[in-house]
Each structure stands twice: as C-alpha cells, then as structure tokens.
Amino acid sequence: MKHHHHPKLKPLFSCGMFRQCTQTVLSPTSSSPPPPPPLSAPSPLPSAPSPPPSATPHPPPLPSSSSSSSSTSQSFTQWRFPLQHPPSSPPPQNPSSDLFQSADLHFRSGAPGPALRLLDRSLVPDGDPSAACPPAVMASVVAALRDHSTSRAAARVLLTLLLAEGNRRLAVEAGAVAAALEAVSAGDAAAERALAAIELMCTTAEGAAELRGNDMAVPALVEAVGKMAGRGRESAIGALAVVYGGGGGGGGDDAAVAAVARAVVLAMQGECSARGRRKGGQLLKALREKGRLDFADDFGI
C-alpha cells in the first residue's frame, strides 16, 4: 500500500500578513505600511532629579507650643465661628431741639409751670455744651424769673442753661441780669440760684457791664452778703468783686463803698467759704488800690 504524501500547507495568514492587512485597513491612504516597531522592554518612567546637596531645603523650625496653640485655636475659632463686626451704631441724636420746641409750646399756651418742669427734668444737670437755648425760650424763662409764683423753678432752669457758655450772652440780652437782681432783692427762695446765675453771666463782658450799670446791683448784693450764708454769700461777694474789680469804676459814692467794705469784712470774719474769703480779699485790695478805701485800718485790712 502506497502512502501519498501531501505537502504541508502554509498558514494563510501569518503574523506579518495579519499586521499588514490590519494596518492597511486602518490607514487606507498610506502608500506603504510602516515597518513594525521592534519589540523592546518598556522604558522606565523618568524620575525627578535629586537636588544637589547644597540646595537641600531644611525643614522650618517648629513654633513654640504657646504660639502654635493660640494660632490653632484662633484659626479654628475663625473657621467655626466667623468673626462678626457689630453693626455701626447710628450717630447720637440731640434731643434738645425737641425739648425746647415742646417747652416753647407750653410757654406760648400760657402754661409756664409745665414748661419749666419739662426743662428742669430734661436738661443735663452738669450743663450740655450743645444745648443752645432758642431766644424765645430764654425770654420766657427770664419772664418766669420775674414772677414770684414761678421764680424758684425759673432760677433753677436759668442756672442750668447758663452752665453752657453759649447761653450766657443770650441770657444777658434777654434781661436776665436785671431779673436775677430783682429776685435777690425780693429775698425769696430763688435768691441763691439767682446770685449764682449773676456770677456766670458776669464771665462775659456784656454781663459785667450790665451789672455795673444797674443801680440796684450794689444795694441788693450788699444786703445779700449780710443776710445770706454758704453759696449765696459767696456768689454775692463774687458779684461785688466784678462791680469794683477789673475795669469797673462804678459802685456809687464813698458811702456805698464803705457799706460794701463793711459787709465784706464782717462776712470774712464770720462764716464764709474759702472761695468767698478769696473773692473778698480781691475786692478789698481793688478798693484800696483805687484809693476808695481810706478807712482800711478800721477794718483790719
């Protein structure tokens, strides 16, 4: 029996042919397929170049425990509870304008009592520099000072208003010096505050001139020095020092000057405050320098 030997068939598709076919299908426009890349091991990933030994950074120094703790606590607080700035408060409003307007309405309606109570209750006791009193209200307060039924409350309100320097010239223009002297002459409960108001008004040139030109000033003040005590006597001596001291050349005749000196010396020898004694000494010195006190030795001056 003969055995027929068939030749070994070559595979229709070799690796090279398969690669060529696939490349031809994927790239139909290429004229000739590129040669297959050589099989090689994958190249290692590039590693970062190590810095030279001289450029090696040093780790920063560790902060102290206290600063680190406070910084961490602050950072956490700001993160957990964000800082909130308080809302800007509106500028304070001055209620003086509304106060004086209400008081003026009371005065115009013929009710000085409620107007004075409103002012006495609402005005700042130690004097508010921004409390500029309107002329109409000041004139009403001065008129109330001349009325015996409202003089006490009016004197208190006037004194409070005069603590603000801007109101003193206004009060002088409204006739407050003469009205205060009338209250002193009456000797009522308004006399002590009226004397203090006179002293404050005399800090202005207009007030001092008004006091020196009033014929009632010296007799009323001399009587107050002899009869009053405490602040009233002190303010009366201070007012007399304004009449005769400084540039004042009034004060009446020699008899009036003698009455002034006698009253002041007696007050200084009796119950008198330190300020009253100082004012009295200044007054007597001014009288002696002007040659109007020839009988100084009789009073131990």
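The basis for the numbers below is simple: all heavy atoms, side chains too, and nothing from hydrogens, waters or symmetry mates.
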Which pair of heavy atoms, one from [X] and one from [Y], lies closest together, and at what distance?
X: Ile198; Y: Ala180; value: CG1-CB, 3.6 Å
X: Ala115; Y: His106; value: CB-CB, 3.5 Å
X: Phe100; Y: Ala132; value: CE1-O, 3.6 Å
X: Leu116; Y: Val157; value: O-CG2, 3.7 Å
X: Leu200; Y: Arg168; value: O-CD, 3.5 Å
X: Glu271; Y: Arg233; value: O-NH1, 2.7 Å

Nearest 0.5 Å please: distance from the [atom1] atom of [X] over to the [atom2] atom of [Y].
X: Met138; Y: Leu158; atom1: CE; atom2: CG; answer: 6.0 Å
X: Leu170; Y: Thr204; atom1: CG; atom2: OG1; answer: 11.0 Å
X: Glu223; Y: Ser185; atom1: CD; atom2: OG; answer: 7.0 Å
X: Arg278; Y: Ile237; atom1: CZ; atom2: CD1; answer: 11.5 Å
X: Glu199; Y: Leu159; atom1: CD; atom2: CG; answer: 10.5 Å
X: Leu123; Y: Leu163; atom1: CG; atom2: CG; answer: 10.0 Å

Is it true that atom CZ of Arg275 has more than 12 heavy atoms of other residues, nucleotides or ligands lying nearer than 6.0 Å?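 Yes.
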Does any part of the side chain of Pro134, heavy atoms only, come nearer than 4.5 Å to the side chain of Asp104, both counted from C-beta? no
Do the non-hydrogen side-chain atoms of Thr160 and Leu119 ever get within less than 4.5 Å of each other? no
Just checking, any donor-acceptor pair under 3.5 angstrom between side chains of Asp188 and Ser151? yes
Side chain to side chain contact (heavy atoms under 4.5 Å, CB included), that's the test. Do Val260 and Leu283 meet it? Break it down for me. CA-CA 9 Å; Val260 169; Leu283 169 60; 3.9 Å; yes
Checking Asn167 side chain against Cys133 main chain: does a donor-acceptor pair fall under 3.5 Å? yes
Taking NZ, NE, NH1 and NH2 as the nitrogens, is one of them in Arg169 or Glu206 under 4.0 Å from a carboxylate oxygen of the other?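 Glu206 and Arg169: salt-bridged.
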If a pair satisfies salt bridge (charged side-chain N to carboxylate O under 4.0 Å, His left out) and one of its residues is in residues 110-120, list it, with sequence neighbours excluded. Asp120-Arg156
Sorted by chain and number, sequence neighbours left out, salt bridge (Lys or Arg N to Asp or Glu O under 4.0 Å) with Arg146 holds for Glu182
Only counting residues at least two apart or in another chain, list the ones meeting salt bridge (Lys or Arg N to Asp or Glu O under 4.0 Å) with Arg152. none
Which residues pass the side chain to side chain contact (heavy atoms under 4.5 Å, CB included) test with Ser122, sequence neighbours left out? Leu99, Leu118
Which residues pass the side chain to side chain contact (heavy atoms under 4.5 Å, CB included) test with Asn214, sequence neighbours left out? Ala178, Leu181, Met216, Ala217
Among all residues two or more places apart in sequence or in another chain, which pass the side-chain hydrogen bond (donor to acceptor under 3.5 Å, both in side chains) test with Ser273? Glu234
